Amino acid sequence: MAAGVAAWLPFARAAAIGWMPVASAPMPTPPPDNRRKQDGLILLNVSGQKFQTWRNTLERYPDTLLGSTEREFFFHEETNEYFFDRDPDIFRHILNFYRTGKLHYPRQECISAYDEELAFFGIIPEIIGDCCYEEYKDRRRENQERIQDDEDSENQNDMVPPDMTFRETMWRAFENPHTSTMALVFYYVTGFFIAVSVMANVVETVPCGTLQNRVKQVSCGERYALAFFCLDTACVMIFTVEYLLRLMAAPSRWNFIKSVMSVIDVVAIMPYYIGLVMTDNEDVSGAFVTLRVFRVFRIFKFSRHSAGLRILGYTLKSCASELGFLLFSLTMAIIIFATVMFYAEKGSSASKFTSIPAAFWYTIVTMTTLGYGDMVPKTIVGKIVGSVCSLSGVLVIALPVPVIVSNFSRIYHQSQRADKRRAQKKTKLGRIAARKSGGTSAYLQYKSNGLLSDLIDEASKAAGQALVCKANPMFDTHHNHLLHCLEKTTNHEFVDEQTFETSLLEVSMAKHPPHSPSLSSGSSSQGLSCCSRRNKRKSFNVPNSNMTGGHRNSIQELSTIHIRERPITNSRSSLNAKFEETVPLNCKQPYITAAVITLPTPPVTTPENDGSASSPDYSQANIVRVSAL
Amino acid sequence: MSSCRKRCKREMFKFAQYLYRLVTGTLHADSVEDELELSAVRHRPEGLEQLEALTRFNRKELQILYRGFKNECPSGVVNEDTFKDIYSQFFPQGDASTYAHFLFNAFDTDKDGSVSFEDFVMGLSILLRGSVQEKLNWAFNLYDINKDGYITKEEMLDIMKAIYDMMGKCTYPLLKDDTPRQHVEIFFQKMDKNKDGVVTIDEFIDCCQNDENIMRSMQLFDNVI
């Protein structure tokens with residue numbers, strides 16, 4: 001909750017008077033309001049630059065350096081001020097955080113210096129406001145990458161981690177040829193053979209002089225058929241071996257088969273095998289010739305060797321819609337002009353414009369300003385249309401090209417930014433959810449504390465963690481009391497999501513027998529329970545609640561393990577003597593935070609035991625607490 | 001039928017406007033309307049002395065109140081949306097906007113659509129420093145939505161629903177749909193002495209003064225500031 005809103009709590013409490021006449025139950029007593037001492041100004045001297053603020057402003061966040069007693073370490077008696085030997089420019093933002101509740105990140109500051117200051121003053125960076133959060137995360141990630149790159153370049157020459165399997169080593173060799181000499185050799189050999197194969201395909205068709213008793217030139221492919229066949233076979237064998245090796249080494253074979261490079265590999269070597277299988281049949285020789293065309297796809301295998309090709313392919317793919325639209329608009333223009341041209345030239349004799357599709361060729365050639373001259377209009381109307389066509393062609397072709405180019409860069413950066421934002425959105429939602437559930441769980445914790453808040457205060461002071469553990473104690477107690485009044489007014493209680501859903505479930509599955517032993521008897525135990533109804537506990541067994549999800553049980557186990565460990569360490573406090581069997585629940589912030597995070601929900605409640613008394617009795621004997629010390 | 005035609009016409013006009021903008025190439029941002037919003041409403045409250053006279057707070061308390069008020073509303077007035085926003089932050093589980101709406105109307109005594117610091121502090125003065133009679137008066141005013149001097153069952157039902165909305169849906173026992181209505185029935189049984197279906201201010205104050213719980217709870221927040 002924003003710090004500023006805390007100032008409106010008195011208003012919210014006063015407005016609660018509106019519920020009183022309709023309340024069906026008596027209200028709980030308000031928490032004691034120890035008169036705060038008069039609010040005073042605090043002088044903060046940061047490397048010579050003086051800042052002043054109210055004491056209350058700083059104490060809004062008691063778990064930071066300035067809000068807690070930790071600042072006393074920096075108190076300078078001679079000048080009666082708090083002196084910090086830190087950067088005053090960054091301190092300005094930190095102080096603003098106390099004032100406004102929002103932490104901002106200044107763009108001109110170095111990210112590591114900023115992080116250091118935050119760490120010094122005990123402020124977690126996650127609370128940076130939404131306005132600056134993206135920028136902060138970006139800079140942070142760049143910094144991490146920079147550090148990572150530095151580390152990587154150090155590790156370049158390191159030995160391969162010894163415990164990689166042979167398969168992993170192979171895959172690594174295939175993907176990063178620079179890792180070992182063998183990989184490099186393999187890389188260059190395949191590259192060489194791709195080049196050789198492509199060159200062979202090209203040279204095959206060059207006319208190579210005449211054979212005896214033939215007049216026509218023959219191509220080299222026909223003259224040295226055997227040589228070319230051997231060369232082709234060798235290349236295909238190399239490619240096949242390479243493909244099979246890659247397939248074997250791939251960590252996920254299905255993913256590898258689906259990938260583009262693998263498809264290119266297959267298309268490159270398939271024609272050869274198909275040609276082997278097929279006989280020299282007249283019917284299929286036409287198809288066979290077509291297949292040879294696919295051999296040219298071998299050139300795409302170079303994209304493994306060239307990052308530039310890959311980037312081009314990616315940008316083309318991401319620009320596909322723009323290209324498609326360009327094509328569509330061109331097609332429209334072509335059809336329009338071809339039609340007009342056809343009808344214009346219909347009259348003239350010996351016109352080449354025999355049909356509209358025939359006119360397509362003329363239109364394309366004219367619009368792209370090629371102008372081969374194989375089809376020329378003869379009528380005047382035709383010539384007029386032809387000139388309009390070429391003029392508009394210039395516009396239609398030239399205009400979208402810069403648009404596409406700028407689209408390339410825009411789309412490329414946009415997709416990068418969209419990914420960033422998507423990743424950040426997930427963490428942001430997580431933060432909001434954690435905050436919300438934290439607020440609810442804090443209130444439910446308060447309810448379990450109930451009237452023993454005084455005792456808790458003393459206990460926590462005794463443990464020496466008074467101010468550090470609780471965040472904004474006065475505000476929270478008053479806020480919780482307000483929520484409690486609302487519960488009393490409506491005669492319903494706040495519960496957490498999980499319990500609500502389970503109680504829904506139970507209502508709908510009324511005849512489902514309970515899985516767990518009834519918890520109404522005092523002897524059985526229940527690990528953690530937040531709602532008012534609780535039984536006296538003697539031991540910490542793993543709670544056997546109605547929730548049968550194994551996942552939940554294990555997590556509750558985890559929470560009880562937490563509990564088990566803690567009391568042992570706290571032997572010096574007088575608490576153990578007082579509460580042997582019942583240990584007070586201390587809303588120690590770090591522990592509760594951990595609990596909230598490891599449990600998907602705050603601890604489980606069992607609403608339907610102990611009858612249905614509407615008002616919980618806060619008698620001391622019945623309330624059992626769990627130590628979190 | 002005529003509304004359909006009107007809507008049609010409006011849509012056509014918007015489309016024509018859009019085409020015009022498309023052709024002439026107006027930029028989408030920075031239309032004229034935005035300019036007006038920048039000249040925000042500013043309000044300066046009365047001097048401290050006047051406020052001290054009008055309310056039952058002393059100087060220090062007024063200073064603290066004003067600082068908190070100005071922090072959330074730098075312009076000096078709260079409009080209904082900000083009010084709802086602030087109030088909703090205290091009730092994260094449910095939807096506090098309806099109740100905040102009624103509260104806003106109760107605080108906005110001069111009915112100008114915004115709550116200035118004077119309205120705010122005078123309302124608080126009644127709630128925190130007023131006599132029980134005044135507080136009950138204020139509560140009656142809150143429940144009487146149309147300010148006609150009578151609380152009808154419908155008005156009470158609206159208020160009750162608003163209060164229950166603040167609880168949200170994750171409650172124990174499960175909130176049923178007619179829970180507010182039942183609560184209203186209980187309330188009317190208690191308050192409506194002559195069973196005429198409405199509660200007047202006298203019935204209300206009478207009944208509340210005879211109810212110990214209510215009297216005690218009225219004093220609950222007396223030392224909030």
Side-chain angles (χ1 to χ4, degrees), chain A residues 1-30 33 35 38-39 54 99-100 435-436 439-440 443 478-479 482-483 485-497 499-501 503-504 507 531 605 607 612 614, chain B residues 60 64-65 67-69 71-72 86-87 89-93 99-100 102-103 106-107 120 123-124 127-128 135-136 138-140 142-143 156 159-160 163-164 166-175 179-180 183-184 186-187 191 204 207-208 211-214 216-218 220-221 223-225:
Chain A
M1 201 173 305
V5 180
W8 282 62
L9 184 64
F11 159 73
R13 301 183 71 203
I17 288 190
W19 312 331
M20 302 302 162
V22 289
S24 38
M27 292 291 142
T29 49
D33 198 19
R35 276 280 129 192
Q38 284 295 358
D39 203 3
W54 296 108
R99 292 182 183 132
T100 61
R435 218 185 311 148
K436 206 174 177 197
T440 323
Y443 173 62
H478 285 307
H479 186 213
L482 183 66
L483 292 174
C485 285
L486 183 59
E487 281 188 342
K488 282 298 178 74
T489 310
T490 54
N491 243 332
H492 287 66
E493 290 180 4
F494 286 111
V495 295
D496 50 55
E497 279 266 350
T499 332
F500 173 68
E501 275 160 26
S503 61
L504 268 184
V507 162
C531 226
T605 69
S612 51
S614 49
Chain B
K60 269 263 183 286
I64 297 176
L65 278 174
R67 271 189 245 135
F69 183 85
N71 219 1
E72 275 305 298
I86 295 173
Y87 200 69
Q89 296 202 25
F90 292 105
F91 301 97
Q93 273 205 332
Y99 188 69
F102 294 128
L103 263 186
F107 269 84
F120 180 71
L124 276 187
L127 285 174
L128 299 176
K135 289 183 194 174
L136 289 173
W138 188 90
F140 185 85
L142 174 71
Y143 299 149
M156 204 58 221
I159 301 268
M160 203 61 79
I163 295 181
Y164 274 89
M166 282 198 282
M167 291 292 292
K169 67 172 172 64
C170 296
T171 60
Y172 174 72
L174 289 173
L175 263 182
T179 315
H183 204 146
V184 170
I186 299 174
F187 177 79
M191 300 277 168
F204 182 75
C207 187
C208 288
D211 185 336
E212 240 203 48
N213 275 339
I214 296 182
R216 202 165 353 124
S217 54
M218 283 291 172
L220 211 56
F221 295 115
N223 43 357
V224 159
I225 296 281

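Since the model is a prediction, treat every value here as computed from it, not as a measurement. Just so it is clear: chains get the letters A, B, ... in the order the sequence lines come, proteins before strands, and each one is counted from 1.
- From A/T490, atom OG1 reaches atom NE2 of B/H183 across 8.0 Å, with rounding to the nearest 0.5 Å.
- Interface remark: B/L174 contributes backbone and side-chain atoms alike to the contact with chain A (heavy atom separation under 4.5 Å).
- Contact annotation: the side chain of A/F494 never approaches that of B/C170 to less than 4.5 Å [non-hydrogen atoms, C-beta and beyond].
- Heavy atoms closer than 4.5 Å to chain A are found in the side chain of B/L103, but not in its backbone.
- Of the listed residues B/M166, B/K135, B/K169, the one with more heavy-atom pairs under 4.5 angstrom with chain A than any other is B/K169.
- Not less than 6.0 angstrom separates the ring centroid of B/F90 from the ring centroid of A/W8.
- The candidate from A/H492, A/E501, A/M27 with the greatest count of non-hydrogen atom pairs under 4.5 Å with chain B is A/H492.
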* **CA sep, side-chain torsions, deciding dist, call: A/F11, B/F107, ring-ring contact (aromatic ring centres under 6.0 Å, His included)** => CA-CA 11 Å; A/F11 159 73; B/F107 269 84; 5.1 Å; yes
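- Distance check, rounded to the nearest 0.5 Å: CG of A/N491 to CD1 of B/I186 gives 8.0 Å.
- For A/L9, the parts lying under 4.5 angstrom from a heavy atom of chain B are both the backbone and the side chain.
- Within the 4.5 angstrom heavy-atom criterion, atoms from both the backbone and the side chain of B/L175 approach chain A.
- Using a 4.5 Å heavy-atom cutoff, the side chains of B/S217 and A/W19 are not in contact.
- With rounding to the nearest 0.5 Å, the separation of CE in A/M20 from CZ in B/R216 is 12.0 Å.
- The two residues B/M191 and A/P21 make their nearest non-hydrogen contact at CE-O, 4.0 Å.
- If you tally non-hydrogen atom pairs under 4.5 Å between each of B/F140, B/W138, B/Y99, B/F102 and chain A, the highest count goes to B/Y99.
- Proximity of A/E493 to B/T171: side-chain heavy atoms (C-beta onward) are nowhere separated by under 4.5 Å.
- Between chain A and the residues B/L142, B/L136, B/I163, the most heavy-atom pairs under 4.5 angstrom are made by B/I163.
- If you tally non-hydrogen atom pairs under 4.5 Å between each of B/Y143, B/F69, B/F120, B/Y87 and chain A, the highest count goes to B/Y143.
- With a 4.5 Å cut-off on side-chain heavy atoms, A/V22 and B/I159 do not count as touching.
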